[in-house]
Amino acid sequence: MSKKIGRRFEGKVAIVTASTQGIGFAIAERLGLEGASVVISSRKQKNVDEAVEKLKNKGLEAFGVVCHVSNAQHRKDLIQKTVDKYGKIDVVVSNAAANPSVDSILLTQESVLDKLWEINVKATVILLQEAAPHLQKGSSIVIISSIAGYNPQPSMFMYGVTKTALLGLTKALATEMAPDTRINAVAPGFVPTNFAAFITKDEAVRQVAEEKTLLHRLGTPEDMAAAAAFLASDDACYITGETIIVAGGLPSRL
Ligand code: NAP
């Protein structure tokens, strides 16, 4: 099925963190296809270069900056180089996350707790602090949370807690940044990316995950990108502080 895609981001500048593959790349591509100049970033220069090249080969305007989101200088560079190149920021998608351990919460080491907080929550806060002076009136932030933030999943309980924290961060910042900037979140269900390799590696686990959804399939990065693009666009101009669950009907909330 070919989908019609609008041009809702013509003239807009969008930063997407952790965007060299998976959900982040799909979001960057979608925003680019809709007319945005997109700033790609992740930890590795080679990945950044390749992702930028892929987008440019599709005729999209893309620029890359290396940014490990827990590195203060990288975060500053991401914002400053974007402003130097394009003069403004209209959209920030905070997508980076880590899930370094499968331990239960009571057995999770302090260093792992620190890393989860640092990458999954704190880096978003500081990146937005850096971006705030450059955000345009009518700008939009999208944070990538997770179904695990609503519904704790075995082997990723503490990761889920950090994703729950992002729901609160979305609400709090929506109040703080209104009325000029809207901030919303997307909570993906299971999407077969490298991050979720534990689902795709094992056919039985994959089937169980599919069967848990009402739509009998896993999500795609493009499904997540469609929701993120909606929230970032003016189509969502009266929505702020909300999280859209894009999980094929996985149990979440009423
Ligand atoms: P993915 O396909 O594994 O992609 C991860 C991306 O993040 C890569 O571009 C990687 O590039 C970059 N990256 C990793 N650590 C980074 C860091 N510290 N700083 C900057 N970039 C970093 O992952 P994904 O599944 O798309 O996940 C994206 C987001 O969706 C995460 O927030 C995740 O929690 C959320 N999510 C995913 C699922 C799922 O089922 N996949 C479900 C719910 C929520 P480099 O290696 O070059 O850094």
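Read the numbers this way: they start at 1 and go in the same order the structure lists the ligands and their atoms. Just so you know, residue 1 is the first one in the sequence shown, and it goes up from there.
- With a 4.0 Å heavy-atom cut-off, ligand 1 is reached by no atom of F25.
- Taking the charged nitrogens against the carboxylate oxygens, K58 and E29 do have a contact shorter than 4.0 Å, which makes a salt bridge.
- No side-chain N or O of S145 forms a donor-acceptor pair with one of T243 less than 3.5 Å apart.
- Counting heavy atoms closer than 4.0 Å to ligand 1, residue M224 contributes nothing at all.
- Residues T82 and V13 form a side-chain contact, since some pair of their non-hydrogen atoms from C-beta on lies under 4.5 Å apart.
- Under a 4.0 Å criterion applied to the non-hydrogen atoms of I144, ligand 1 contributes the atoms 29 (C), 30 (O), 35 (C).
- Ligand 1 has a nitrogen or oxygen under 3.5 angstrom from a nitrogen or oxygen of F195.
- Counting the atoms of ligand 1 from 1 in the order shown, those under 4.0 Å from a heavy atom of T20 are 8 (C), 9 (O), 11 (O), 47 (O).
- Side-chain contact between Y86 and E61 is present, with at least one heavy-atom pair separated by less than 4.5 Å.
- Atom 32 (O) of ligand 1 has its closest protein heavy atom at N95 O, 2.6 Å.
- The shortest N/O to N/O separation between I23 and ligand 1 falls below 3.5 Å.
- A side-chain donor-acceptor contact under 3.5 Å links T220 and D223.
- Among protein heavy atoms, atom 34 (O) of ligand 1 sits closest to Y159 OH, 2.5 Å.
- Not a single donor-acceptor pair under 3.5 Å links the side chain of S19 to the backbone N or O of F25.
- Considering backbone and side-chain atoms together, S146 places no N or O closer than 3.5 Å to any N or O of ligand 1.
- Nearest protein heavy-atom contact of atom 24 (P) of ligand 1 is T193 OG1, 3.6 Å.
- Of the protein's heavy atoms, A18 O, 3.6 Å lies nearest to atom 6 (C) of ligand 1.
- Heavy-atom distances between G189 and ligand 1 reach below 4.0 Å in at least one pair.
- The atoms of ligand 1 that sit less than 4.0 Å from any heavy atom of G22 are 2 (O), 26 (O).
- Evaluation of the salt bridge (Lys or Arg N to Asp or Glu O under 4.0 Å) test over residues 172-197, restricted to residues two or more places apart or in two chains, returns K137-D180.
- Tested against V16, the residues V91, I40, V93 include a single side chain to side chain contact (heavy atoms under 4.5 Å, CB included) partner, V93.
- Using a 4.5 Å heavy-atom cutoff, the side chains of V112 and D103 are not in contact.
- Of all atoms in ligand 1, listed by their number and element, those nearer than 4.0 Å to a heavy atom of A196 are 39 (C), 40 (O), 41 (N).
- The closest non-hydrogen atom to atom 14 (C) of ligand 1, taken over R43, K44, E118, comes from R43.
- The shortest N or O to N or O distance between I147 and ligand 1 is not below 3.5 Å.
- Protein heavy atom at the shortest distance from atom 39 (C) of ligand 1 is V191 O, 3.5 Å.
- For atom 19 (N) of ligand 1, the nearest non-hydrogen atom of the protein is V69 N, 3.1 Å.
- Those atoms of ligand 1 that come under 4.0 Å of a heavy atom in F190, given as number and element, are 40 (O).
- Scored by the ring-ring contact (aromatic ring centres under 6.0 Å, His included) test, F198 finds no partners at all (sequence neighbours excluded).
- In this structure a side-chain-to-backbone donor-acceptor pair under 3.5 Å is missing from D90 to L135.
- Taking any N or O of S41, backbone or side chain, none lies under 3.5 Å from an N or O belonging to ligand 1.
- Side-chain atoms of I5 and E34, non-hydrogen and from C-beta on, do get closer than 4.5 Å to each other.
- When hydrogens are left out, the protein atom nearest atom 1 (P) of ligand 1 is Q21 NE2, 3.7 Å; that is the closest non-hydrogen contact.
- Every atom of ligand 1 is numbered from 1 in the order shown, and the set under 4.0 Å from a heavy atom of N47 is 45 (P), 46 (O), 47 (O).
- The nearest heavy-atom contact from the protein to atom 44 (C) of ligand 1 is S145 O, 3.3 Å.
- Between Y159 and F195, the ring planes lie tilted relative to each other; the angle falls in the 30° to 60° range.
- At a 4.0 Å cut-off, at least one heavy atom of C67 sits close enough to ligand 1 to count as contact.
- For the pairing with T20, the side chain to side chain contact (heavy atoms under 4.5 Å, CB included) check across V66, N47, V52 returns one residue only, N47.
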